[in-house]
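Hydrogens, waters and symmetry mates play no part in the numbers below; they use all other heavy atoms, side chains included.
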Amino acid sequence: MSLLEVRNLTHSYIDKVLYDKASFDLYKGEHMGIVGQNGAGKSTLIKILMGEMIPDNGLIKWQPSIRIGHLDQYAKMNGTQTIIEYLNTAFANLFDLEKKINDLYQEMADTGNYDLLEQTAAYQEKLEASDFYLIDSQIDKVVYGLGINAIGTNRLINELSGGQRAKVILAKLLLEKPNVLLLDEPTNFLDKEHVEWLANYLAVFDGAYIIVSHDYDFLEKVSSCICDIEFGTIKKYTGKYSDFLKQKEHLREDYIRQYEAQQKKIEKTEEFIRKNIAGVNTKIAQGRRKQLERLERLAPPTFTHKPAFAFKDIPLSGQIALSVNELEVGYGKPLLPKLNFSVLGGEKLVITGFNGIGKSTLLKTLVQRISAIAGRFRFSESVKIGYFEQDLVWEDGTKSPLQIISDYYPKLGLKEIRSRLAQCGVKNTHTTQAIATLSGGEQSKVKLCLLVLSPCNFLILDEPTNHLDAETKEALQKALIQFKGSVLLVSHEEKFYQQWADRSLNIEDCI
């Protein structure tokens, strides 16, 4: 019997069909990865499975009494709690049981009624069976595994950054040990060693889980099956991510053949109808029109249009493009010790360090989004910066990608803007939608489109791959290799930059 049964799931968003009569099952102990291009409907699927969104049609049936744990990075939290207090709420039922035991002992002491001993013993057995007295070590294991110890478990929740907050929510979820985990991009806010720890943890997790991730090395380690969302279908493949890729390549080639054959048949039929609808063969033409109307048409193979980026680099004179001296960054008080480093002209430097240490704050200081606390930095006079901010924040979330690009570059015609967005992998159907309604990956592509349209010679990029699918990452990687200017990159994804980065600066070494 399956833990989850999905039958004939159909759902559209605006004018795009995400799934059309899709079906799959999740079985006990199954470790499922969800993949698909940006905008395919991966996060929407998680919301539907959680009951946060109602599909247009279909059946979502969970096995009764199943405990589901969902990684909701925007979950409400008590900001006045410390991290350790919040993590202890994962064991709230056990602490309640301990309180009942203490209350019973107090009642026995007050009344001399020792008939309550049997009830007390039963409660005590439950605590011991649930490893109540190992709670501290369980919490420590997850705290150190996810790097929360570097934040400090006595920090207040309302003092945490978005990434730190998400990390703490994930920790509580793992401590609760639900029957099924639903995780949407759990590695986005984790550093390399913490991603490795999470992969090892999940690989031996007794329960089942469904994970949406663009980190395919991670999926390879944790998945026993893959659900691929493409062409309005959800197709389940058994095996690791690498096994899925091999199977899919054959199916893609077959799908293209079927699609092209169907298009030729439709074109030929439409031509016959046009020529004969008013002639002696009108009945035959009408019959073929009805056949055409009943035909279940294959969706166009979107993977044939791969994104391509090309940064408009301009000459960069001078040996040192950026010099940083005794720089202190933070909000009110320094997050880091004084920083000293430089970036040469044409050099590509990666900033590393655990999540929340202050990497994004450093970049925001360098692009003057926030003020430095002390010290100084200086770009050479010929530097023109191109900045990619990881936060998906827009001045007006109701504007479409077309409007956003047009506002920044009013001299560009709509046809040219559509072409540029298409080159960056933004689907034509998404160009007129409100930017806030698009997936994280689609929004990131719009931001990259803005970046490639702006001539620059010094790129400052803050986690640009967080929401991108494999093909878009590969295209961005190629563009950065070809870029002749300097690059300052913050990224937790070593595989993305290890081929082209000249050197890395680990901020942890500065502490």
Side-chain angles (χ1 to χ4, degrees), residues 6-24 35-42 44-45 55-58 227-237 244-245 247-308 400-402 414-433 438-439 441-442 445 469-472:
V6 177
R7 292 291 176 270
N8 297 316
L9 178 62
T10 300
H11 190 66
S12 298
Y13 190 76
I14 314 293
D15 58 349
K16 180 185 178 183
V17 177
L18 295 178
Y19 336 106
D20 184 18
K21 298 178 182 177
S23 300
F24 68 92
V35 299
Q37 290 186 327
N38 293 136
K42 303 182 294 295
T44 299
L45 177 61
D56 298 338
N57 208 345
C227 270
D228 181 37
I229 305 177
E230 193 172 50
F231 316 130
T233 64
I234 303 176
K235 184 171 177 58
K236 185 176 177 181
Y237 298 80
F244 147 73
L245 284 181
Q247 297 173 62
K248 182 172 179 177
E249 187 58 36
H250 294 300
L251 291 173
R252 275 189 167 187
E253 292 170 2
D254 187 50
Y255 189 94
I256 292 173
R257 283 193 294 269
Q258 290 181 44
Y259 176 78
E260 290 175 348
Q262 189 184 70
Q263 289 301 300
K264 287 179 183 177
K265 181 181 178 181
I266 290 170
E267 195 176 308
K268 189 175 179 181
T269 304
E270 287 175 340
E271 179 67 21
F272 179 86
I273 293 169
R274 278 195 298 272
K275 288 181 178 179
N276 297 280
I277 195 65
V280 293
N281 293 324
T282 183
K283 285 188 176 180
I284 299 174
Q286 287 173 349
R288 293 196 181 180
R289 177 184 281 172
K290 288 180 180 177
Q291 288 177 355
L292 207 56
E293 289 170 353
R294 290 194 297 267
L295 179 67
E296 190 171 330
R297 302 193 180 209
L298 296 173
T302 54
F303 52 77
T304 56
H305 306 289
K306 292 186 177 182
S400 69
L402 280 176
L414 288 181
K415 185 177 179 181
E416 174 71 5
I417 293 174
R418 285 184 185 275
S419 174
R420 294 304 188 105
L421 286 167
Q423 286 174 4
C424 294
V426 181
K427 297 179 178 65
N428 189 50
T429 53
H430 292 158
T431 59
T432 54
Q433 289 179 214
L438 299 181
S439 70
E442 293 292 287
K445 289 175 185 176
D469 54 45
E471 290 176 344
T472 309

Looking at every heavy atom in both [X] and [Y], which two are closest together, and how far apart are they?
X: Q433; Y: P401; answer: O-CD, 3.1 Å
X: Y19; Y: A40; answer: CE2-O, 4.3 Å
X: I277; Y: T282; answer: O-OG1, 2.7 Å
X: H11; Y: T44; answer: CD2-CG2, 4.0 Å
X: G425; Y: K445; answer: O-NZ, 3.3 Å
X: L18; Y: I229; answer: O-CG2, 4.3 Å

**Message:** Test side-chain contact (heavy atoms from CB on, under 4.5 Å) on L9 and L45; report intermediate values, then the result.
**Reply:** CA-CA 10 Å; L9 178 62; L45 177 61; 3.8 Å; yes
Ignoring hydrogens and angles, tell me if any N or O in the side chain of [X] forms a donor-acceptor pair with the backbone of [Y] under 3.5 Å.
X: Q262; Y: E296; answer: yes
X: N57; Y: T10; answer: no
X: T269; Y: K265; answer: yes

If you measure from [atom1] on [X] to [atom2] on [Y], what distance do you get to the nearest 0.5 Å?
X: Q247; Y: D228; atom1: CD; atom2: CG; result: 11.0 Å
X: K415; Y: I417; atom1: NZ; atom2: CD1; result: 13.5 Å
X: L421; Y: L402; atom1: CG; atom2: CG; result: 6.0 Å
X: R289; Y: F272; atom1: CZ; atom2: CZ; result: 12.0 Å
X: Q291; Y: R288; atom1: CD; atom2: CZ; result: 7.5 Å
X: Y13; Y: H430; atom1: OH; atom2: NE2; result: 9.0 Å

**Request:** Establish, yes or no, whether the cationic atom of K235 lies under 6.0 Å from the six-membered ring centre of Y237 and within 45° of the ring axis.
**Result:** yes
Just wondering, do [Y] and [X] contact through their side chains at under 4.5 Å, heavy atoms?
X: E253; Y: E249; result: yes
X: I273; Y: L292; result: yes
X: V17; Y: S12; result: yes

**Item:** Salt bridge flag under 4.0 Å for residues E271 and K268
**Value:** no
**Request:** I would like to know whether K264 and E260 meet salt bridge (Lys or Arg N to Asp or Glu O under 4.0 Å); could you show each step before the answer?
**Result:** CA-CA 6 Å; K264 287 179 183 177; E260 290 175 348; 6.0 Å; no
**Message:** The criterion is side-chain hydrogen bond (donor to acceptor under 3.5 Å, both in side chains); which residues satisfy it with T431, sequence neighbours excluded?
**Reply:** R418
